[in-house]
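See structure below.
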Number of protein chains: 2
Amino acid sequence: MPNTGDTGRPNRHPTMADVAAKVGVSRALVSIVFRGKEGASQETRDRVFQAAAELGYHPDTAAQLLRSHRSRHLGVLYTPAEPFHVDLIEAIYPMAEKHGYDVVLGAQTPTRAMTKAVEELLGFRTAAVLLLGDATLAEVTRLAARVPLVAVGPHLRGDAFDTVSSDDSRGARLAVEHLVELGHRHIVHVDGGVKAGAADRRRGYRAVMRKHGLPATIIPGAYTEESGALAARELLRCDPLPTAVFAGNDRCAVGIVHALRRFGLTVPGDVSVVGFDGSRAAQLPHIDLTTVRQDISGTAEAAVESAIERLDDGRTEAKHVIRKTQLIVRGTTAPPKR
Amino acid sequence: MPNTGDTGRPNRHPTMADVAAKVGVSRALVSIVFRGKEGASQETRDRVFQAAAELGYHPDTAAQLLRSHRSRHLGVLYTPAEPFHVDLIEAIYPMAEKHGYDVVLGAQTPTRAMTKAVEELLGFRTAAVLLLGDATLAEVTRLAARVPLVAVGPHLRGDAFDTVSSDDSRGARLAVEHLVELGHRHIVHVDGGVKAGAADRRRGYRAVMRKHGLPATIIPGAYTEESGALAARELLRCDPLPTAVFAGNDRCAVGIVHALRRFGLTVPGDVSVVGFDGSRAAQLPHIDLTTVRQDISGTAEAAVESAIERLDDGRTEAKHVIRKTQLIVRGTTAPPKR
DNA sequence: CTGAAAGCGCTTACAG
DNA sequence: CTGAAAGCGCTTACAG
């Protein structure tokens with residue numbers, strides 16, 4: 001018995017030829033209709049889309065990519081567990097769409113190194129790659145030799161890739177000046193170690209403290225809630241207790257706030273806390289965190305546009321964009337009671 | 001002047017032919033080496049990989065997919081902003097890899113509906129789709145007609161798709177029994193509305209309360225921190241104040257804990273709180289949430305294996321897996337003081 | 001191992 | 001609008 005070809009499996013996708021046959025036109029015409037090119041009457045377009053819908057036809061992305069030799073995909077390398085990255089990719093999607101690009105996500109997870117995620121993206125021949133988060137100059141340079149690259153976050157310079165970063169130093173100064181203006185003199189910084197922007201935030205903190213003749217105290221931290229909770233324990237060992245803390249980022253700040261409250265202290269009554277990022281978590285009503293907001297949609301916009309300029313406008317010189325930061329005063333800062 | 005073909009752009013990817021030419025072998029042999037098939041000596045393999053590395057060659061996924069007519073990609077539809085989904089995808093990656101599959105992420109965001117993400121995944125011709133989170137029976141059934149489908153989370157039944165869900169009802173009973181055993185009599189449930197598992201968790205709560213002759217009180221909620229914070233305000237209006245709360249999920253529980261502490265109450269001193277999910281957030285030291293853990297890695301494993309069975313073993317009957325839940329007693333529950 | 005060949009599902013000119 | 005044709009970068013037999 002000959003095989004009928006019907007395996008009963010739902011994954012035999014219809015092709016352009018099926019649609020063409022059903023409508024009674026050429027495959028080329030179907031292609032034209034689906035790409036929205038001129039050369040087909042409105043009536044034909046309607047019939048083609050109608051037939052496609054009935055058949056459940058959708059173009060094969062792999063075939064389109066292969067033949068057109070022109071990817072309309074932006075690869076985005078990100079860490080799913082990083083809330084700030086999630087905020088960024090949610091902003092990247094509409095920006096990419098505006099320019100006619102799709103987004104392909106490359107996830108970096110505990111079991112999946114950056115290199116693995118990169119190879120996957122390059123395997124899909126994405127037109128460009130947006131790299132969120134930390135990366136060394138060597139990594140970025142190597143990647144940029146293979147694909148147009150925009151690094152989002154790290155303060156790196158190079159003429160083979162673009163970057164979009166925030167004015168972390170200025171943001172830190174805004175945060176600390178705010179605390180000083182409220183009357184705080186004993187302000188501690190829980191830093192972000194070697195993570196993106198951490199050095200500049202430290203610098204900004206130190207500069208303001210020096211300017212006001214105040215002693216700088218830095219507790220080593222990281223950009224996580226755990227590190228904030230840990231730092232809070234350190235804080236409690238200080239005598240006298242600092243009246244304010246400038247955290248390396250929002251996640252760290254949230255950890256600090258919760259740990260302090262758990263230990264029976266009030267925020268901002270006993271201790272004021274400022275974060276950094278302006279993440280969604282900071283906005284939650286039970287957190288209501290005073291923070292330095294990075295311009296997330298502006299960053300997403302600049303990153304996508306940098307990629308588009310290289311892709312569609314032929315720009316080849318590097319471009320390094322720095323987005324402004326903004327102090328958002330909310331409920332975790334107040335004048336010191338002591 | 002003829003165009004040399006060198007545009008100065010870094011995105012002219014080398015092909016298999018380039019590698020073959022460099023090594024001095026046929027393209028077919030390079031293909032064999034890259035797919036790890038037999039038919040090439042160890043020495044040839046080394047030379048091929050060496051040349052590929054020097055050229056920066058990586059196979060074109062689109063071309064492989066197109067020609068082999070056999071996708072080794074699992075599409076995963078998820079919501080980046082949902083921490084529980086992030087925990088799941090991090091577990092899905094290694095499981096998929098174990099079976100020789102790659103993962104393609106389809107993101108559902110505020111600006112990007114599920115249908116859009118689905119079309120993208122189908123455009124890539126992923127071999128199967130794992131659907132995380134909420135979906136209606138109609139949606140799931142329609143999708144399952146086009147691609148082998150595993151729905152993770154929703155308590156749906158159908159013979160066109162597989163599901164993996166948790167024993168939410170039993171989990172809820174474990175949580176509430178725990179509170180009753182501690183001596184609580186006034187236990188409120190902040191529910192998850194129409195979200196996945198919410199109905200079963202409500203049922204479990206009601207069953208235990210009824211069994212012990214206790215009055216059931218349900219505050220309408222959602223699976224978010226905001227809803228928890230909101231519910232905490234409701235709670236404070238209760239007279240007398242309930243001594244324990246069973247939250248619809250961990251995010252909601254975290255919102256409740258924080259809001260209560262912010263209002264000056266202690267957890268578990270004044271109020272005990274139990275969550276649901278066993279998410280990473282619940283484990284954080286400053287939260288230390290008592291919760292009902294869903295078997296995340298077991299769920300990921302079952303979901304991937306269900307897909308693999310349809311793909312590689314030809315299974316066509318539906319399979320509905322229910323994973324056990326487990327009570328994890330941590331620091332947010334204690335005997336009532338009142 | 002080689003080498004020629006076919007073909008996956010498309011896009012892209014091109015003559016009619 | 002059609003129709004035949006070439007080709008994207010691969011995989012997959014197949015004869016040698």
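Below, read A as the first sequence line, B as the second, and so on, with proteins coming before strands; counting in each chain starts at 1.
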Return all side-chain donor-acceptor pairs below 3.5 angstrom for residues 22-29 of chain B, not counting sequence neighbours, or 'none' if the list is empty.
unit_1: B:K22; atom_1: NZ; unit_2: B:E54; atom_2: OE1; d: 3.1
unit_1: B:S26; atom_1: OG; unit_2: B:L29; atom_2: N; d: 3.2

Nucleotide-resolved protein contact map, nucleotides 6-16 of chain D, B/S/- at heavy-atom distance under 4.0 Å: BBBBBBB----
Plane angle bin for A:F34 and A:F49 - parallel if under 30°, tilted between 30 and 60°, otherwise perpendicular: perpendicular
Ring geometry between B:F124 and A:H73 (parallel below 30°, tilted from 30 to 60°, perpendicular above 60°):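 Because their plane-to-plane angle lies in the 30° to 60° range, the rings of A:H73 and B:F124 count as tilted.
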Taking the side chain as everything from C-beta on, heavy atoms only, tell me whether [X] gets closer than 4.5 Å to [Y].
X	Y	value
B:V150	B:R310	no
B:L74	B:H99	no
B:V118	B:V129	no

Dot-bracket line, read 5' to 3' along DNA chain C, where crossing pairs take [ ] and | marks a partner on another strand, Watson-Crick or G-U under 3.5 Å: |||.||||||||.|||
Euclidean distance, B:H58 NE2 relative to A:E120 CD, rounded to 0.5 Å: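 Taking CD in A:E120 and NE2 in B:H58, the distance rounds to 13.0 Å.
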